[in-house]
**Q** 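I'd like to ask some things about the structure below.
All values below were derived from every heavy atom in this structure, side-chain atoms included, with hydrogens, water molecules and symmetry-related copies excluded. Lettering follows sequence order; numbering is per chain, from 1. Small disclaimer: the values here were computed from a predicted structure and weren't measured.
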Protein chains: 2
Amino acid sequence: MNYSSELIKGTLKTIVLKLLADNKKMYGYEITQTVKEQTLDKILITEGALYPTLHSLEADGLVTTEIEFIGKRVRKYYRLSPQGKIKTKEKVSELADFMNTMKFLLNIKTKTV
Amino acid sequence: MNYSSELIKGTLKTIVLKLLADNKKMYGYEITQTVKEQTLDKILITEGALYPTLHSLEADGLVTTEIEFIGKRVRKYYRLSPQGKIKTKEKVSELADFMNTMKFLLNIKTKTV
DNA sequence: CAAATATACATAAGTTTCTTATGTATACAA
DNA sequence: TTGTATACATAAGAAACTTATGTATATTTG
């Protein structure tokens, strides 16, 4: 059973950047499959969400692209730019920090007056 | 320095429900201030986000409301309904699960082929 | 005591970011 | 040959915010 989609909102860019940081280069479909496998089908990235995100990362200069042909079929590989590497560190540490804060907040039992 | 707002998206309802679960009853402004204090200004809930969320929780039957007057000023207290208590447990455990999954995903070094 | 700030509610327009739907095309398996 | 998988893309619509605005009372501060 996968997560209610609003949870994934806001984390997609970070997920994509981190995967690219760990795998040198990846193409869109590969990203969807990797996330699906690694999260045991809990996080399913739709193409309608992923491709615009990748295009936006490219427009922001965070990734570069390379076209590759597998037979007649096209593949578009994405790779982090230097700025992309910096941005990835920022986003990942921000998310880690946020998760710590949330963990703390959700464990609070009583309001401190 | 507070979090980029897209991170908070999708977690607001869960935060509000959990606070109500821990504090019996709370009013809107109190929720914003409590979150601000507990997170050391890292999570700032805007009124434009909070009030529609509270109204939506009420419309869904997850909370009940009571008006209270402090002098001439009105306060609207929110309290979990029985369904609200159930929903809170679901949302909190879903978020905890999601955070574990994200933590795992963001630590992966190499793609497992 | 006037002005600024804090308390306390609310809504509405606009933006972002997703979902859902659709489209195109190749490759492979049944 | 039919369905499924691979692989890209975009567009309409929905959800959930931000930002701006509005109203009103209470308190602090210069």
**Q** Distance only, no hydrogens: is a donor on one side chain within 3.5 Å (strictly under) of an acceptor on the other, for A:Thr32 and A:Glu47?
**A** no

**Q** Could you check how far OH of A:Tyr27 sits from P of D:dC8, rounded to whole Å?
**A**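 Those two atoms, OH and P, are 7 Å apart.
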
**Q** May I have the distance from B:Leu44 (atom CG) to D:dT18 (atom C1'), rounded to whole angstrom?
**A**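 To the nearest whole Å, that distance equals 13 Å.
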
**Q** I want to check a possible cation-pi pair here: A:Lys76 against A:Tyr27, using under 6.0 Å from ring centre and within 45° of the ring axis as the test.
**A**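 Checked: cation-pi criterion not met.
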
**Q** Would you mind telling me which residue lines up with the more 5' stretch of DNA chain C, A:Leu50 or B:Val74, judged by nearest nucleotide?
**A** B:Val74

**Q** Does B:Lys87 pair with B:Asp60 as a salt bridge, N-O distance under 4.0 Å?
**A**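 Judged by the 4.0 Å cut-off on N to carboxylate O distance, B:Lys87 and B:Asp60 do not form a salt bridge.
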
**Q** Measure from CD1 on B:Ile45 to C1' on D:dT19 and round the result to the nearest Å.
**A** 17 Å

**Q** If you only use heavy atoms from C-beta on, which nucleotide in D:dT18, D:dC17, D:dA5 is closest to the side chain of B:Thr46?
**A**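 Nearest listed nucleotide: D:dT18.
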
**Q** What pairs with B:Arg73 under salt bridge (Lys or Arg N to Asp or Glu O under 4.0 Å), at least two apart in sequence or on another chain?
**A** none

**Q** Whole angstrom is fine here: how far is it from NZ in A:Lys36 over to C1' in D:dA5?
**A**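 Interatomic distance, NZ of A:Lys36 to C1' of D:dA5: 12 Å.
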
**Q** Report the residues that fulfil side-chain contact (heavy atoms from CB on, under 4.5 Å) with B:Ile70, sequence neighbours left out, ordered by chain and then residue number.
**A**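 side-chain contact (heavy atoms from CB on, under 4.5 Å) check on B:Ile70 returns B:Glu68, B:Arg75.
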
**Q** In this structure, how many angstroms lie between the C1' atom of C:dT16 and the CG atom of A:Leu12, rounded?
**A** 13 Å

**Q** Can you tell me how far apart NZ (A:Lys91) and CD1 (A:Ile86) are? Round to the nearest 0.5 Å.
**A** 15.0 Å

**Q** Which residues pass the side chain to side chain donor-acceptor pair (under 3.5 Å) test with B:Thr64, sequence neighbours left out?
**A**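 Side chain to side chain donor-acceptor pair (under 3.5 Å) list for B:Thr64, sorted by chain: empty.
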
**Q** For nucleotides 10-14 of chain C, tabulate all protein N/O to nucleotide N/O atom pairs closer than 3.5 Å, reporting atom names and distance.
**A**
from: C:dA10; atom 1: OP1; to: B:Lys76; atom 2: NZ; distance (Å): 2.9
from: C:dA10; atom 1: OP2; to: B:His55; atom 2: NE2; distance (Å): 3.1
from: C:dT11; atom 1: OP2; to: B:His55; atom 2: ND1; distance (Å): 3.3

**Q** In whole angstrom, what separates A:Glu30's CD from D:dT6's C1'?
**A**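 It works out to 12 Å between those atoms.
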
**Q** Check every atom of C:dT16, C:dA6, D:dC8 against the side chain of B:Tyr29 and return the nucleotide holding the closest atom.
**A** C:dA6

**Q** What is the distance, rounded to the nearest whole Å, between atom CE of B:Met26 and atom C1' of C:dT7?
**A** 15 Å

**Q** Near DNA chain C, which residues from residues 60-73 of chain B have a heavy atom under 4.0 Å away?
**A**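 Listed by number, they are B:Arg73.
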
**Q** Tell me every residue that passes salt bridge (Lys or Arg N to Asp or Glu O under 4.0 Å) with A:Lys36, counting only those two or more places apart in sequence or in another chain.
**A** A:Asp41

**Q** What is the distance from atom CG of B:Leu19 to atom CD1 of B:Ile45, rounded to the nearest 0.5 Å?
**A** 7.0 Å

**Q** Give the rounded distance in Å between these two atoms: CD1 of B:Ile43 and C1' of D:dC17.
**A**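 Rounded to whole Å, this separation is 15 Å.
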
